[in-house]
Amino acid sequence: MLRLILAEDSVLLRAGLAEVLSRSGHAVVAAVGDADALKRAVAAERPDVVVTDVRMPPDFRDEGLRAALELRSADPSLPVLVLSQYVATAYAARLFDGSAGGTGGSGAAGGLGYLLKDRVGEVDEFLDALERVAGGQTVLDPEVIRVLLNHRPANHPLGRLTPREREVLALMAEGLNNQAVAARLFVTEAAVVKHASSIFMKLELDPAEGNRRVLAVLAHLRGTAG
């Protein structure tokens, strides 16, 4: 069972999400409608994971995203899943880039996810993503990945990747491990490891720098978001 805080300004969606989560065996310890209430609830409840919308009152711009970044800055170990109504690659880039600057004093960095709200309707997918984020993994919505891959600058390092390597990177960006990537592509785990090593080399990622899967996602986002 996970203890969650849910931040969503739509009363109906907030109630629906809380019902889905409760029926799945999780405890929604606070359900709030704005970013300030979210920050107060996190301080009071110390949840296992936070689920928040990007756009919140009063201006309905990026209040939820900014709150998520503040919470992660204060406690990098706090898992956060951000929900967005639209594919907004700049928001995704801010979330992942802004949360990648180290672990601070709170231990290892917690899981991080960015999903479209449409994904919530696929309950099993939503719950799987939530549990992976709570378990420390990185999750990025497949539709966001598709947009990023199709709108990269001509000179971006992603252009060095083969079609198969792009497929592997996209699945890595979703947060899948080698076994899951292999199953999705109907190849061996050894083949996935080989492709992943080539991806890291072509994106010029230092093997000594933290989680290379996360770094690959960040390189993906930084070079394509605008």
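With sequence neighbours left out, Ser24 forms a side chain to side chain donor-acceptor pair (under 3.5 Å) with no residue at all.
Within the 4.5 Å cutoff, side-chain heavy atoms of Leu13 are placed close to those of Lys117. No side-chain heavy atom of Met201 sits less than 4.5 Å from a side-chain heavy atom of Arg160. The side-chain heavy atoms of Leu112 and Arg72, taken from C-beta on, include a pair separated by under 4.5 Å. Between Arg164 and Val187, the closest side-chain pair of non-hydrogen atoms falls below 4.5 Å.
Under the salt bridge (charged side-chain N to carboxylate O under 4.0 Å, His left out) criterion, the residue pairs touching residues 129-139 are Asp128-Arg132, with sequence neighbours excluded.
Applying the 6.0 Å contact sphere to OH of Tyr86 captures no more than 12 heavy atoms from other residues, nucleotides or ligands. For Asp124, the CG atom sits in a loose shell: 12 or fewer heavy atoms of surrounding residues, nucleotides or ligands are nearer than 6.0 Å.
Using a 4.5 Å cut-off between side-chain heavy atoms of Ile, Leu, Val, Met, Phe, Trp and Tyr, with links allowed through other members, Val82 and Leu78 fall into the same hydrophobic cluster. Following chains of ILVMFWY side-chain contacts shorter than 4.5 Å, one can reach Leu4 starting from Val123, so the two form part of one hydrophobic cluster. Leu38 and Leu17 are members of different hydrophobic clusters when ILVMFWY side chains are connected at heavy-atom separations under 4.5 Å. The hydrophobic cluster containing Val139 also contains Leu2, counting ILVMFWY residues as joined when their side-chain heavy atoms lie under 4.5 angstrom apart, directly or transitively. The cluster map of Ile, Leu, Val, Met, Phe, Trp and Tyr, joined by side-chain heavy atoms under 4.5 Å apart, puts Val54 and Leu140 in the same cluster.
Separation of atoms CZ (Arg94) and CG (Leu65) is listed at 4.5 Å; rounding is to 0.5 Å. Rounding to the nearest 0.5 Å places CD of Glu165 at 5.5 Å from CD1 of Ile199. A distance of 9.5 Å separates CG in Leu83 from CG in Leu130, rounded to the nearest 0.5 Å. To the nearest 0.5 Å, atom CG of residue Leu169 and atom CZ of residue Phe200 are 8.5 Å apart. Taken to the nearest 0.5 Å, the CG atom of Asp9 stands 9.5 Å off from the CD atom of Glu63. Between Phe126 atom CZ and Leu21 atom CG the span is 5.0 Å, to the nearest 0.5 Å.
Closest approach of Ala35 and Ala67 over heavy atoms only: CB-CB, 3.9 Å. Here the closest heavy-atom approach between residue Tyr114 and residue Leu81 is recorded as N-CD1, 4.1 Å.
The closest donor-acceptor contact from the side chain of Asp141 to the backbone of Leu116 lies under 3.5 Å. Although no hydrogens or angles enter the test, the distance criterion places no donor-acceptor pair under 3.5 Å between the side chain of Ser73 and the main chain of Leu69.
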Arg14 and Val28: CA distance, side-chain angles, deciding distance, side chain to side chain contact (heavy atoms under 4.5 Å, CB included) verdict:
CA-CA 11 Å; Arg14 188 166 70 238; Val28 180; over 6 Å; no

Applying side chain to side chain contact (heavy atoms under 4.5 Å, CB included), run through Ile5 and Val29 and close with a yes or a no.
CA-CA 6 Å; Ile5 289 178; Val29 296; 3.8 Å; yes

Check residues 39-52 and write down every donor-acceptor pair under 3.5 Å in which the side-chain atom is one partner and the other belongs to a residue at least two apart or another chain.
from	atom 1	to	atom 2	distance (Å)
Lys39	NZ	Glu70	OE1	3.1
Glu45	OE1	Arg3	NH2	3.2
Asp48	OD2	Arg3	N	2.7

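Between Arg119 and Glu122, none of the side-chain N atoms (NZ, or NE/NH1/NH2) sits under 4.0 Å from a carboxylate O, so this pair counts as no salt bridge.
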